[in-house]
Amino acid sequence: MSTGSEDRTPAPIPDPASVPPDPLGHRLRRRTLLGAAAGAAAAGAVGVGPRNAIASPAAAVPAAAPAGQAVPALPPDAAPPERQVYVAPDNVSIAKVLDFYEQVYERPSEAASDLFSDPLIRLNKNFELIPAAALEWSGSEDGRTWTFRLDPNLVWSDGTPVTAEDWIATFRYAADPGHAWDFSWFWASQGTIKNWNQALEGAVPTDQIGVRQGPDAQTLIFESEEPAPYMPAKLLYSLPLSAKALAEHGPLYNTNPETAVSAGPFILSEWQRDQRIVYVRNEQYTGQLKVPVNKVIVKLAAPDAFFTMYENDEVDFMNKPAPAQLKLMQDDPEKASQVHSGVGDFRCFYLFFDVTKAPFDNIKVRQAFSHAIDREAIASQILGPAGAPAYSWLAPGFPAANGDALKEIQKFDPALAKQLLAEAGFPEGEGFPAQEMWLRAPSPLDQGVAGAMASMIKENLGIDVEIAAKDQQGFTAALNAKPTEILFGYVSYGMDFLDPANMLGVWHSGGRHSWVNEAFDTGLDEAASFVGDPQQRLTMFQEVERILVEDVPGVFVYHETPVQLIKPWLKGDFIAPDENGISSMHWPGYSCTSTVPEGLYIGADAPEGREG
C-alpha cells in the first residue's frame, strides 16, 4: 500500500545491457482500463451518488450468528489442513507494532498484515469495493454523511460483539494528539472527518469528531467537513481496534499473544522479536472471508536476504527482486513462470519543475523537456517488467485513466523538443543554464533512470544535467518549503486511496509542487466533490488530467509495475488473471483489506520444513 506519498525503494539494477527482456510489459501496457466500470461497481470509490451505494443482497445477512469460522473445503490439489501454512518475509527493521491504527509505518506490511479485524469495505482483485464489516452503506444528498450498516454476526475472539463503538474508540484514539499517530494526516484532508484537525490540535475533545453511532449498535456514521463521494474508498483503512481490549490492556494489546484479541481470520500466536511473527486461525471469526490457510508465518530479515530465502524455499513469496535476481529467474525455464508483474499502488515516477522560476516558468521549455525523454527506451533497457512508459499521470487501470487519449501531448519527439527550446530562446541549448536534478534517497534503479534521462536531455536539447542524490529528510523538506527549494527534480507518487481525487490532488495548488493552475484547481475541486453520475465524475477528472499534462508541471516517465516472485505451490483465485489479464498478488496483498486471503491456498507440492 502507499500509505502516503512514501516511496517503496526499488531494487538495484545492473548495467542496462544486462537487464532481462520484458515478457509481461507489453501485455501490461495493452490492458484495458477499469474506468467507468470500476466507478459504477466500486460504490463510492470513484464518485457514486449518495443513492447508488452498493449493498450486499439481503440473503448475505445470516439470521443467526454462526459458531465460528467455517473452514472451506480444500481443492484436490491442496495440501492437507495441517500444512496450510503461508510463509513470507518482511523487513526486520520495520516490525515494531501490528495494528494499523497504532502506527502505519512501523508495522510489517510487505508479507501479511492487518489480519485482526475486517475493515468496513475491502477490495477485490479488480479493485472494486465490496462489503466487509459493513454489509451496506449510503451517503447523504450533500455527500457529507455516510452511514454503514455493520454485519451483526461479527464478534471478537473474547466473545465481545463487534459494534460501532469499536470504530468510534479507534478513531478517537487516532485523533488523540497524545497518540501522535503517524497516519493522522490521511483524515486531515480530502474527506476530512468533522472536527478531526481541531481534535489533533487539542482544540476540541476527541468525542467531537465525526465518527458516531447511529440509532443502534450496528449503525456507524461518518461525517466529513466537505462533500466526500470517495469516503467509502478511504475507509478501506478502517480496521478497528477492540474498544474493550483498548480500554483494558492499552493500544499494544495485539503485540502480546496473552492479550491479543481478534475479530479477523487470524490472531497472534507468537512473536519472536527480530525473528518471526506467527498468526494462527481465529476459530471465532465470523466475517465474510472464507480462508483456507490455517497459519501465517512472517519471517523477519533484512530485505537483501529475501531472495536467498526464496531460492532456498524458506518463503513462498517476495516483492521486487533486484534485476540481477530477476534475470536469474527469467533465464531459468523452470522458474520463469514464478515471475509476475502487478500494478502496486499505481505509482508514477516523474520529473518536476519549479514553474515559478526561470527557465522553467516558460512552458515551451517544459514542453521541450517532455519531448526529449524516450520512455520506451527506459522501459525496455532499464525497467524490464518493473515499469511501463507513462505519458500521463494516472496509470492504466486506475479510475479515470485516459493515457491513450493523452499520449501525443508528451510523446518522445526530439525534433519538436529542439524546436520548442529554440522558440524559448535557447537554440541547441545555447545559453541554457546547467541543471541539477534532485533525487530523493535514490536507489540504483532511480539513479539509472535519472542518468538515462540526463543523457537524453543532453543529446536532444544540448543541456547539461548533473544528478544530485539527497537524503529523504532533506529532499522532502526542500520540496515542501514555501517557496520550494528544488528547481528540477525526479520523484514518485502512489495512491493513498482508490480515487482520482487523491492521485490528482498532489498537483493542487498549495500542495507538493509550486505549479498553480486555476482551471485545474477548480475542475479538481468540482470533480472531487461531485455526488452525481459516476461516469460524469470520471469524465470531469479526465478533463482535469488533460490540463495537467498539457501545462507540463511534470514530465511523466513511467508507471511502476512491481515484480513479485510467487512459488508454484501458492494456488487459488488470487493468482488467476483479473479483468485486465493481470496475474499477481494484487495490492493490498494478504490482508483483511483484500480478498487475497480467501483466494490463496497451499498446494500439495509445497515442500516441508518451510515453517522453521
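For this chain, numbers begin at 1 and follow the sequence in order.
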- Task: Assess whether side-chain contact (heavy atoms from CB on, under 4.5 Å) is satisfied between D551 and Q367, documenting all intermediate values.
- Result: CA-CA 8 Å; D551 210 31; Q367 289 171 331; over 6 Å; no
- Task: Give the intermediate values and the outcome of side-chain hydrogen bond (donor to acceptor under 3.5 Å, both in side chains) for residues D578 and N126.
- Result: CA-CA 6 Å; D578 65 14; N126 293 313; over 6 Å; no
- Does some side-chain heavy atom of V339 sit less than 4.5 Å from a side-chain heavy atom of V563? yes
- Heavy-atom donor-acceptor pair, T476 side chain to Q472 backbone, under 3.5 Å: yes
- Backbone N/O of M503 and side chain of W393: donor-acceptor pair under 3.5 Å: yes
- Under 3.5 Å, is there a donor-acceptor pair between the side chain of E526 and the main chain of M540? no
- Item | salt_bridge(R107, D114) N-O dist < 4.0 Å | yes
- So do F186 and W196 actually touch side chain to side chain, heavy atoms under 4.5 Å? no
- Check: P553 and W507 side chains under 4.5 Å, non-hydrogen atoms: yes
- Query: Rounded to the nearest 0.5 Å, how far apart are CG of D471 and CZ of R440?
  - Reply: 11.5 Å
- Message: Tell me if a side-chain donor or acceptor on H559 pairs with a main-chain N or O of A388 at a distance below 3.5 Å.
- Response: no
- Item | Donor + acceptor pair across side chains of T484, D354 (<3.5 Å) | no
- Once you round to the nearest 0.5 Å, how far does NE2 of H513 lie from CZ of F352? 6.0 Å
- Query: With N362, which residues qualify under side chain to side chain contact (heavy atoms under 4.5 Å, CB included), at least two apart?
  - Reply: K364, V365, A424
- Message: Looking at every heavy atom in both L236 and P588, which two are closest together, and how far apart are they?
- Response: CD2-CG, 4.3 Å
- Query: For F574, which residues count as a ring-ring contact (aromatic ring centres under 6.0 Å, His included) partner, sequence neighbours excluded?
  - Reply: none
- Heavy-atom closest pair, residues S584 and S341: CB-O, 3.8 Å
- Query: Around atom NZ of K357, are there more than 12 heavy atoms of other residues, nucleotides or ligands at under 6.0 Å?
  - Reply: yes
- Check: K327 main-chain N/O paired with Q330 side-chain donor or acceptor under 3.5 Å: no
- May I ask you to check whether Y237 and F183 place their ring centers less than 6.0 Å from one another? yes
- Message: Suppose we call two aromatic rings close when their centres sit under 6.0 Å apart. Are F497 and Y230 close by that rule?
- Response: yes
- Message: Taking the side chain as everything from C-beta on, heavy atoms only, tell me whether L565 gets closer than 4.5 Å to M329.
- Response: yes
- Message: If we ignore hydrogens and angles and just use 3.5 Å, is the side chain of E225 paired with the main-chain N or O of G191 as donor and acceptor?
- Response: no
- Query: Within a strict 4.5 Å, meaning less than it, do heavy atoms of the R375 and Q410 side chains meet?
  - Reply: yes
- Any chance you could lay out the side-chain hydrogen bond (donor to acceptor under 3.5 Å, both in side chains) test for H371 and N460, step after step, and finish with the verdict? CA-CA 9 Å; H371 294 302; N460 297 321; over 6 Å; no
- Query: Sub-3.5 Å donor-acceptor pair from the side chain of W515 to the main-chain atoms of T356, do we have one?
  - Reply: no
- Message: So does S109 get a backbone contact from the side chain of D90, meaning a donor-acceptor N/O pair under 3.5 Å?
- Response: yes
- Item | Crowding at CD, E436 (>12 non-hydrogen neighbours, <6.0 Å) | yes
- How many angstroms lie between CG in L420 and CZ in R366, if you round to the nearest 0.5 Å? 12.0 Å
- CA sep, side-chain torsions, deciding dist, call: D499, R537, salt bridge (Lys or Arg N to Asp or Glu O under 4.0 Å): CA-CA 11 Å; D499 189 87; R537 186 170 185 261; 2.9 Å; yes
- Task: Compare every heavy atom of A454 with every heavy atom of M437, then report the nearest pair and how far apart it is.
- Result: CE-N, 4.4 Å
- Query: Any side-chain heavy-atom pair from I547 and E543 closer than 4.5 angstrom?
  - Reply: no
- Query: Within a strict 4.5 Å, meaning less than it, do heavy atoms of the R512 and V491 side chains meet?
  - Reply: yes
- Message: Can a donor-acceptor pair be found, under 3.5 Å and without considering hydrogens, that links the side chain of S184 to the backbone of A180?
- Response: no
- Query: Are F360 and F369 close enough that their ring centres sit under 6.0 Å apart?
  - Reply: yes
- Item | Test item: side-chain donor near acceptor, T593 and R122, under 3.5 Å | no
- In Å and rounded to the nearest 0.5 Å, what is the CZ to CZ distance from F520 to R546? 14.0 Å
- Using a strict 4.0 Å threshold on nitrogen-to-oxygen distance, state whether K320 and E560 make a salt bridge. yes
- Atom CD1 in I575, atom CG in L570: separation rounded to 0.5 Å? 8.0 Å
- Item | Qualifying residues under ring-ring contact (aromatic ring centres under 6.0 Å, His included), relative to W438, sequence neighbours excluded | none
- M318 CE to E311 CD distance, which is reported to the nearest 0.5 Å: 9.5 Å
- Query: Checking side-chain hydrogen bond (donor to acceptor under 3.5 Å, both in side chains) for the pair Y391/E408: CA distance, chi angles, key distance, verdict?
  - Reply: CA-CA 8 Å; Y391 298 91; E408 293 297 307; over 6 Å; no
- Message: Looking only at the aromatic ring of each residue, does the gap between the centers of F346 and F127 stay below 6.0 angstrom?
- Response: yes
- Under 3.5 Å, is there a donor-acceptor pair between the side chain of Q435 and the main chain of P433? yes
- Query: If we only count heavy atoms from C-beta on, is the L445 to F349 side-chain gap below 4.5 Å?
  - Reply: no
- Between D525 and H508, is any side-chain donor less than 3.5 angstrom from a side-chain acceptor? yes
- Task: Give a yes/no verdict on a cation-pi contact between K567 and Y310, requiring under 6.0 Å between NZ or CZ and the six-membered ring centre and an angle within 45° of the axis.
- Result: yes
